Amino acid sequence: MKKIAIVTGGTRGIGHAIALALKADGYDVIATYHGNEEAAQKFRNETGCEALKFDVADYAACEDAVKKVEAGHGPVQILVNNAGITRDGMLHKMPKENWHDVIETNLTSCFNMCRLVVPGMRERNFGRIINISSINGQKGQFGQVNYSAAKAGILGLTRALATEVAAKGITVNAICPGYIETDMTAGMKQEVLDSIIRQIPVTRMGQPDEIAALVSFLASEKAAFITGATIAANGGQYMS
Ligand code: NDP
């Protein structure tokens with residue numbers, strides 16, 4: 001029987017590449033999204049996979065969605081917490097809502113989804129949770145107090161949860177992508193991108209499928225001894 005994988009924010013960008021990679025690996029993939037119907041429909045047509053619309057920041061909505069997935073597909077073995085947003089600005093000018101929205105969408109979402117799938121994974125003695133953090137959660141980034149805090153929070157959640165579930169055959173890992181070519185970075189000014197690329201030893205931005213390849217490995221049986229890890233995929237831009 002096919003293993004079931006949920007990829008939040010799986011209809012666009014990095015999540016889309018992750019969904020394609022996991023489908024190619026033989027998983028029954030369910031992608032989630034928030035509002036972009038066009039991308040979701042394109043994803044459904046292209047993959048034949050289900051795309052579910054809900055807000056990952058809303059616990060009750062996550063609960064409904066996980067119940068729907070379990071009823072329609074079966075128990076969830078792989079969870080990729082990928083959905084994320086940015087609301088950049090310096091702290092002294094940041095509206096409280098921009099702090100709140102980024103923390104809820106990027107970090108609380110990971111709690112929500114993990115809280116809902118971990119009990120079942122514990123019962124079945126198997127699970128793979130992969131959280132998409134960011135280089136900016138590791139090093140901090142000017143204009144991203146909210147985003148850097150949320151992404152650093154994911155690293156703490158990953159390590160703590162990994163210790164709680166390791167004996168139950170569940171691994172929990174975080175990936176910190178560097179700058180990847182997606183809609184999220186397409187919105188940045190070219191001169192800012194150029195200055196970032198000058199800081200990347202491989203001299204280019206990353207591609208979504210370069211993150212997906214890592215997710216594919218971490219989701220596999222082969223990665224059973226890797227847990228609580230923070231794995232950077234950033235072209236050498238930040239080494240810790
Ligand atoms: P995109 O903006 O291209 O896609 C974001 C995805 O998340 C979309 O599918 C979007 O849905 C979904 N999403 C956003 N908010 C919500 C929400 N409240 N509920 C449910 N789904 C939501 O992002 P990327 O592919 O660039 O980024 C993916 C992840 O990787 C994010 O966590 C990001 O922080 C992280 N990352 C990205 C980097 C980059 O350079 N691109 C670098 C480091 C980390 P919809 O399509 O409906 O809007």
Side-chain angles (χ1 to χ4, degrees), residues 6-21 29-44 47 49 51-62 64-66 79-88 97-98 100-113 130-141 144 146-155 157-158 174-188 192-193 196-197 199-200 204-212 214-215 230-235 237-238:
I6 296 184
V7 182
T8 68
T11 55
R12 284 197 290 132
I14 294 173
H16 176 258
I18 293 169
L20 293 189
V29 177
I30 296 94
T32 84
Y33 69 107
H34 192 210
N36 189 327
E37 297 294 349
E38 196 185 331
Q41 197 49 47
K42 196 165 164 234
F43 171 83
R44 291 185 189 103
T47 61
C49 295
L52 272 181
K53 180 178 176 174
F54 65 94
D55 183 357
V56 287
D58 176 344
Y59 185 83
C62 294
D64 280 352
V66 170
L79 168 65
V80 184
N81 284 311
N82 164 80
I85 56 167
T86 52
R87 296 283 183 271
D88 295 354
E97 305 78 69
N98 288 9
H100 179 264
D101 291 353
V102 167
I103 297 292
E104 293 298 303
T105 303
N106 293 273
L107 176 59
T108 305
S109 60
C110 294
F111 167 80
N112 292 345
M113 293 301 291
I130 298 136
N131 298 320
I132 307 299
S133 175
S134 168
I135 184 174
N136 293 341
Q138 293 181 291
K139 70 174 188 59
Q141 176 61 31
Q144 288 195 325
N146 50 3
Y147 185 81
S148 298
K151 294 301 193 182
I154 287 178
L155 303 182
L157 180 152
T158 297
I175 296 176
C176 290
Y179 286 79
I180 309 296
E181 282 184 21
T182 68
D183 293 343
M184 188 178 269
T185 46
M188 294 167 69
V192 175
L193 283 178
I196 288 166
I197 291 168
Q199 298 161 29
I200 304 175
R204 63 170 177 83
M205 289 173 67
Q207 293 300 318
D209 57 8
E210 293 179 301
I211 305 304
L214 192 47
V215 173
T230 295
I231 303 176
N234 62 29
Q237 187 184 350
Y238 181 76

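Computed from a predicted model, the values in this text were never measured in an experiment. Counting convention: from 1, in listed order, for ligands and their atoms alike.
- Ligand 1 has no atom lying under 4.0 Å from any heavy atom of A39.
- Here is the list of ligand 1 atoms found below 4.0 Å of a heavy atom in Y147: 33 (C), 34 (O), 35 (C), 36 (N), 43 (C), 44 (C).
- Below 4.0 Å from some heavy atom of Y179 lie the following atoms of ligand 1, by number and element: 40 (O).
- Within ligand 1, counting atoms from 1 as listed, the ones closer than 4.0 Å to a heavy atom of D55 are 17 (C), 18 (N), 19 (N).
- Between I180 and ligand 1, an N or O atom pair is found at a separation short of 3.5 Å.
- With T86 contributing its side chain and D88 its backbone, the two residues share no donor-acceptor pair below 3.5 Å.
- A donor-acceptor pair under 3.5 Å links the side-chain atoms of S148 to the main chain of N136, judged by distance alone.
- Judged by the shortest distance from any of its heavy atoms, A40 lies outside the 4.0 Å radius around the atoms of ligand 1.
- At least one N/O-N/O distance between R12 and ligand 1 falls below 3.5 Å.
- Interface of N82 with ligand 1, defined as ligand atoms under 4.0 Å from a residue heavy atom, comprises 28 (C), 29 (C), 30 (O), 31 (C), 32 (O).
- The contact set between ligand 1 and G84, taken as ligand atoms under 4.0 Å from a residue heavy atom, comprises 5 (C), 7 (O), 14 (C), 31 (C), 32 (O).
- Any N or O atom pair closer than 3.5 Å counts here, and T32 shares no such pair with ligand 1.
- Between V56 and ligand 1, at least one N/O pair is under 3.5 Å apart.
- Those atoms of ligand 1 that come under 4.0 Å of a heavy atom in G13, given as number and element, are 3 (O), 25 (O).
- Below 3.5 Å of separation, one finds no N or O of I85 facing any N or O of ligand 1.
- Among protein heavy atoms, atom 25 (O) of ligand 1 sits closest to I14 N, 2.8 Å.
- Only backbone heavy atoms of S133 (N, CA, C or O) come within less than 4.0 Å of ligand 1; its side chain stays farther off.
- At least one heavy atom of K151 lies less than 4.0 angstrom from ligand 1.
- For ligand 1, none of its N or O atoms has an N or O atom of S134 under 3.5 Å away.
- Salt bridge R204/E181: absent, no basic N to carboxylate O contact under 4.0 Å.
- More than 12 heavy-atom neighbours from other residues, nucleotides or ligands sit within 6.0 angstrom of NZ on K139.
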